[in-house]
Each structure stands twice: as structure tokens, then as C-alpha cells.
Trainee: 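This is the structure I want to talk about, given as C-alpha cells.
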Amino acid sequence: MAMNPRKSDNRSFRGMLQSGDGVILRVTASNPKTITFETAFRMSEAFAERLKDQPEHLVFSERSRIARLGVNIRCESPRAERLTGDRLILKLEASSAIPGYPTLGELKGFFSPGLPVGRLVYCNPDSLLTSEEVLEAIDRSALKLPASTTVSSDGSILISPHKVVCRLKPGLDRETIGKILFRKNGREILNRYLLRQPVSALTIPPGEGVVTTCSMYLNDHYVALQSSFSLGEHLPATILDPIKTRGISIYLEILNGSSHPIVNPLISAKVYRVSKPRKRKAARVSSGGSVLFSFEEMTALGQAMDRLPAATCHYLDKPVAVIPNKTNGISAATLLLNGPEDDCPVTEAACSAGRLDYASKIICTHRYATETIREHLFDVPGILALKYFPNLLEHRDIINLACDGLVRALYFFEASCEHGPFLSDHDHVRLMEYEAFGVDIYWVSGLNNRLMVHTIRDGKGYFVAPERLADFHKSMLFAFYGSNQVLSEEGGKRLRALMDALIRFWGNHIGIVTGGGSGVMEQANTMARERGILSGANFLDITDQALTTDVDFCQVFQSTCRHSRQKWFEIASFPIFNVGGLGSLEELGITLCNMKLSISDPVPVILFDTETKGAYWAGVKTQIDEMIRLKRAPEWIRDNLILTDDPQVVVNAYRDKLHLF
């Protein structure tokens, strides 16, 4: 199988120089206390130069899910003489460090060749912030640090964790540990097994450790945690980066290597600014190796496809263009038609009935254009353009080609022949499969007359304007819910005041995602565009509202996907419910239930009354209070509900409940 290589979408947006994943090559020694193994780190040319010139600034950062299982991995100092080609071979040693977490005996079988254990990161001394620069970044909301942070004269900071101890639920068996370590969503699985228990003081006995949390939000910075036996030694999951560090559950794994108890440990850290990418001309080649074509080029190709003679099939004209993977490839595109070679003898009624399934006994002689792609590629990787997003059989043909490394990218013009610009649940699964097989996906979107690239954030696929791709991956997002009815003039003023307050507190690296409809959603989108922050939408195929299509990112759902669509709002860190109707009430219930089930973090849920000075959501609070009284809802839900019409109350809730500076 010759799949296309693909890097993680967000890796290039972190602004840090780092190695590839360090993968175990072989286990060299094992005893009841430690496992020793050799690990290979892939090196870029730039990283190899730093290894030769500044090895003292290379830091090993343990994979977070391994650290959160209580495992301490120590790495030998990187040295240039251990570099062979583009691989750096280092010796690492793992041990179980925190009581109550899996023992080394339980984990031993998982530390085997192929396991990724962490990365090396170059902490550029020229990017290290001084104390003045740290304070300046805090003042302009460029980063948010824990409330009790101390800034030292040399620019280093001391972080006080939350007074919380994370313990494991019973039932973490070998199979579950394997899922945590090996599966892509392993961190999310681990989240569901961690219980956050409040304590009056965070105490670590001598020789023991604890898993706890803090709140921190990074945009243009990253943080390198340091260790001190007197204050608490942090496990080597040392680098907090601007992509993942945007939540209330930044996990800290702290050891007490001293002979005395540590009460309320402090973690020392250094703050670095991420390097700014150089301004370059618009790239014509993607990270996956496919040539990028413009919206205008693809529109011209689409018009050429529309001028093709009608297909011989009753069902639908579904032409495919096979394009050489080179800059002027469109001029040499081969256009393929679907349908049988001759006019189809089957009646239109029989054709329609036969397409209700894909049975092998179907009497139709139809042949999809995708079946003939291979003979036009001549074993050379190419690019495909389809009038409609592929159905099941077309998808099978394309995936088979992708397995052989013959498809670099796929462009499509229409999401569905029956549902216009809206995709089905099956289509969303197919999008993820194309991503997994290294195929770049582009939508030549008639919805907003732009070329949109498909990318993954937090396990959810979105179409994003290419020039906002980095912002999409780095920005902290708010889910804005609300009615499709327009706010009053006074309500509009309150909504504007709320958005301005959010920007003052969080900075400009934020964005909103709405349902993409009219009313409050359209007004919020317009306000976001006016303020230059990111704006996105999860569009739904319904008839009771117009679509607001001037967005930076979006996803599209057929009406049958209404409930699964709600999962796409999980990319937002915080929900804000404006005055809404039954739909907003349903979304509120799903949001609170997700928090109860540990699917999402227990963050402040803002019920913002733009119209009636707090009365609109009062009934919801009364109902939830009654649920709590009858023990049908957890008490902490009450503390997370913020009912207000005052933007300052919203900001204070974030500051106080998230324990932010």
C-alpha cells in the first residue's frame, strides 16, 4: 500500500521548531522499576542544525497521555554524534511515578517498538520573554496565565495549580490502556477516566506525585515547564503549545523528589514567543504535495464540465476531471463521463428504483466515471475534480487509487445532487477517510464563491478559507447560539458590547461559530467580521431561515444530520446562549449533558439576555435548581450557569471560575 504521507494539520501552525514523534526502536533493558529503550526522532534540516550548534536548548517533551498515566520518561541529552541521516537515536528510561496510576508491570507490554513517546523541541533563547514582555503580553491579552502566577525579574513565571487532584476511576483495564496509548482519540478516552477532586490544599508526600490542572491560554507563545525539587518536579511533558493550550484542563504531573512534604506546589516556567512565519507568495503546492488551483481556474474547469454532452444515464451527469499534478495541469485535464457506453435500455423508473441500494443484481448497466480514472493516470499521481461529492461507489474507486498513491487531491463543486450545498453523515465519514489516506480536499464552493480547504481541528472536519487556515487552528472559539429572529436595537447594542468585552479580555485571537442562520446568528457574524475576528458556521439544510455565508470557515449538514451537527460545536471552548427558541433550548441541554458526561470541560455556560434584563433565562435556572434539589443533576452545574445581560459579568465569570490572571 503506497499511501500519501500527511503531517498533522496543526503542526505547522504552532510556530515551534520541533522534531517528529520519537518512536521506540527497541527495548534494551527491563526490571520491576524501569524500562530502558532506544528511540528515533525524525529531524528536519533546520532542527539538525540546532542539534549541532545549540544542543543545550533542545528539550524532550513527553507525550501528554503517557505523562497523565503517571509515567516518568527521562531522556539522555541530545548529542550530534547520535544523529544518523535524518534520525537522532537517544536512550530513554520509563518508570511509574504516581501512586494510584498504572504500575510499570501493567504498562510494560505497551512500551514496544513503534510506540511514540514524545518530541524534542528547540527553545529558542532569542524568543525568551523578559518580565516586561510577559507583563506587556498579559496587558494586551496576548496570553492568559493562572491567577496566582508570579512573574520573576528574569521573565520566568511560577504557576500555582488548581486545588484539584485527578484520580483514576476504577476499571482502567489493559484494553482501555491500549486504547489510550494507541488510538488517535486516546487523550479524550483518558479524560473520561479522570475524576477531578477538589482539595483544600494540594499536598504531595515525599517520593510521591500527583496529577492536577491549571488554566492557561496561549496564542502567540509557548511555555516550557521547569523542575525544582523544593517546589515540585514536573514530569517531562514540559512544552505547552499554542494549539493545545486553550482550556481549563491543562494537566500538570508533579513529583516530590525531596524527603519532606510539598504543600501547594509551584511550577517554574519560561515563556517564549512563537516565530512569525515569513511572508511568502501564495503557495502553489500543498503540504501533501498537490498543486493548488485557484477558484477562478476551477470555475473555468467546472464550466467546461457543464458543456460536456449529456451522459447516457437517466440518473445523473457526474463527470470527473483527471488533472496532472503540475502547475498548468488544468489545461491538460481529461474529462470523463459516467453512464453506459450506449443509451441505457432501462427505463427511468427502473433506474430510480435500482438506485435505492447498491445490490449486485441491479439490472442497470451504469458505469461511474471514477471506474475509468486509473487508465488515464498511467501510474502517475494526479488530481481529481468531481461535479458532485463522491457517493459510496465513487468513494470506493477513489480510495483504492489513494491506497496506491495515485490521488494527491480531490476538488468538488457541489456537495450533493439532491441536497445542494449540504453533506450527509456518510459524506462526513468519507471526508475523514480521505484525510486519513492523505488526499487533500477542496470545495469549489458556490455557497460563498470561494475555494475552501478541508482541515481537521479537534477531530472535526471543517472547510476553511486558505488564508485563514492558521487563524482557524490557533484561535480560541466561542459557540454563539440564538434565535433566527433579529434582536431589537437595544439588544443589538448589548450583543456588540458583549463581543467587545470578549475581545478586550481574550484578545484578537478568538472567533465565533454559529448555526449560520439569520437573526442573532447573522448579527453576531456581522459583528465578528467588523472586528476582524474569526467567524464560522455549521450550516443546516432547513427551510425556516436564510443562510449567512460570509464566513471564514464552515461545515454543512443535511437535515438528517441535525443532532450529529451539534458535535461540530465542540471545537468551541465556551458556549454563549443569546435569546433563542426551542433550538437553543435543545442545544443548551446537549451542552450541559456533555459536561456531565465529561465529553466536554465544565466551563462557564453563559445565558446572555440581550432583551429582557435577565428574565428570559430565569425559568431555565429554576428548572435546573429543582433538578439539583431532587439529585437529578450535579450541584456544580449551578455554579457553571451565568445568567446576565451585563458583558462585564461574563468577563468576571471567565476570570474567576477559570482562575485566570
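Computed from a predicted structure; not experimentally measured. Excluded from the calculations below are hydrogen atoms, water molecules and symmetry mates; all remaining heavy atoms, backbone and side chain alike, are included. For this chain, numbers begin at 1 and follow the sequence in order.
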Trainee: For Ser160, check side chain to side chain contact (heavy atoms under 4.5 Å, CB included) against everything at least two apart and list the hits.
Mentor: Ser148, Leu266
Trainee: What's the shortest heavy-atom distance between Ala479 and Phe569, and which atoms?
Mentor: CB-CD2, 4.0 Å
Trainee: Ion pair present between Arg629 and Glu635, side-chain N to carboxylate O less than 4.0 angstrom?
Mentor: no
Trainee: Examine distances only and state if a side-chain atom of Thr212 and a backbone atom of Val164 form a donor-acceptor pair shorter than 3.5 Å.
Mentor: yes
Trainee: Run the salt-bridge test on Glu586 and Arg562 with the 4.0 Å N-O cut-off and return the result as yes or no.
Mentor: yes
Trainee: Using ring centroids (six-membered ring only for Trp), state whether Trp443 and Phe413 fall under 6.0 Å.
Mentor: no
Trainee: Closest approach of Ile399 and Phe437, non-hydrogen atoms and distance?
Mentor: CD1-CD1, 3.9 Å
Trainee: Let me see the working for Phe557 and Phe539 under ring-ring contact (aromatic ring centres under 6.0 Å, His included), right down to the final yes or no.
Mentor: CA-CA 6 Å; Phe557 301 86; Phe539 295 114; 9.5 Å; no
Trainee: Is Tyr481 close to Thr514 at the side-chain level, that is, under 4.5 Å between some pair of heavy atoms?
Mentor: no
Trainee: As an exercise, state the distance from NE2 of His454 to CZ of Phe412, rounded to the nearest 0.5 Å.
Mentor: 8.5 Å
Trainee: At their closest point, which heavy atom of Asn640 faces which heavy atom of Val603, and how far apart are they?
Mentor: ND2-O, 3.0 Å
Trainee: Would His509 and Tyr217 count as a close aromatic pair, with their ring centres under 6.0 Å?
Mentor: no
Trainee: In this structure, is the centre-to-centre distance between the rings of Tyr434 and His395 below 6.0 Å?
Mentor: yes
Trainee: CD/Glu253 to CG/Leu69 distance, rounded to the nearest 0.5 angstrom?
Mentor: 9.5 Å
Trainee: Under 3.5 Å, is there a donor-acceptor pair between the side chain of Arg457 and the main chain of Phe472?
Mentor: yes
Trainee: Test of understanding: with side chain to side chain contact (heavy atoms under 4.5 Å, CB included), list the residues that count as partners of Lys184, not counting sequence neighbours.
Mentor: none
Trainee: Taking all non-hydrogen atoms of both residues, which atom of Asp552 and which atom of Met452 are closest, and how far apart?
Mentor: O-CE, 3.9 Å
Trainee: Is Asp220 salt-bridged to Arg273, cutoff N-O under 4.0 Å?
Mentor: no
Trainee: Any salt bridge linking Glu570 with Lys460? Criterion: basic side-chain nitrogen under 4.0 Å from a carboxylate oxygen.
Mentor: yes
Trainee: So, do Ile624 and Arg638 sit near enough that their side-chain heavy atoms are less than 4.5 Å apart?
Mentor: no
Trainee: Can you give me every donor-acceptor pair (side chain of residues 417-427, partner residue at least two apart or in another chain, under 3.5 Å) with its distance?
Mentor:
| residue | atom | partner | partner atom | Å |
| --- | --- | --- | --- | --- |
| Ser424 | OG | His426 | N | 3.4 |
| Ser424 | OG | Asp427 | N | 3.1 |
| Ser424 | OG | Asp427 | OD2 | 3.1 |
| Asp425 | OD1 | Ser564 | OG | 2.8 |
| Asp427 | OD1 | Arg430 | NH1 | 3.2 |
| Asp427 | OD2 | Ser424 | N | 2.9 |

Trainee: For Leu386 and Ile398, which heavy atoms make the closest approach, and how far apart are they?
Mentor: CD2-CD1, 4.2 Å
Trainee: Check whether Glu522 reaches the backbone of Gly516 with its side chain - one donor and one acceptor, N or O, closer than 3.5 Å.
Mentor: no
Trainee: Which atom pairs, one a donor and one an acceptor, fall under 3.5 Å between side chains of residues 647-661 and the rest of the protein, sequence neighbours left out?
Mentor:
| residue | atom | partner | partner atom | Å |
| --- | --- | --- | --- | --- |
| Gln648 | NE2 | Asn652 | OD1 | 3.0 |
| Asn652 | OD1 | Arg655 | NH1 | 3.2 |
| Asn652 | ND2 | Gln648 | O | 3.3 |
| Lys657 | NZ | Asp639 | O | 2.8 |

Trainee: Show every donor-acceptor pair shorter than 3.5 Å between a side-chain atom in residues 494-508 and any protein atom, with sequence neighbours excluded, or say none if there are none.
Mentor:
| residue | atom | partner | partner atom | Å |
| --- | --- | --- | --- | --- |
| Arg494 | NH1 | Thr610 | O | 2.7 |
| Asp500 | OD1 | Arg531 | NE | 2.6 |
| Asp500 | OD1 | Arg531 | NH2 | 3.4 |

Trainee: Just by modelled atom types, is the Gln485 backbone N or O under 3.5 Å from a matching donor or acceptor in the Ser483 side chain?
Mentor: yes
Trainee: For Leu582, check side chain to side chain contact (heavy atoms under 4.5 Å, CB included) against everything at least two apart and list the hits.
Mentor: none
Trainee: Does Thr149 use its side chain to pair, donor to acceptor, with the backbone of Leu145 at less than 3.5 Å?
Mentor: no
Trainee: Look at Glu188 together with Arg192 and state whether they make a salt bridge at an N to O cut-off of under 4.0 Å.
Mentor: no
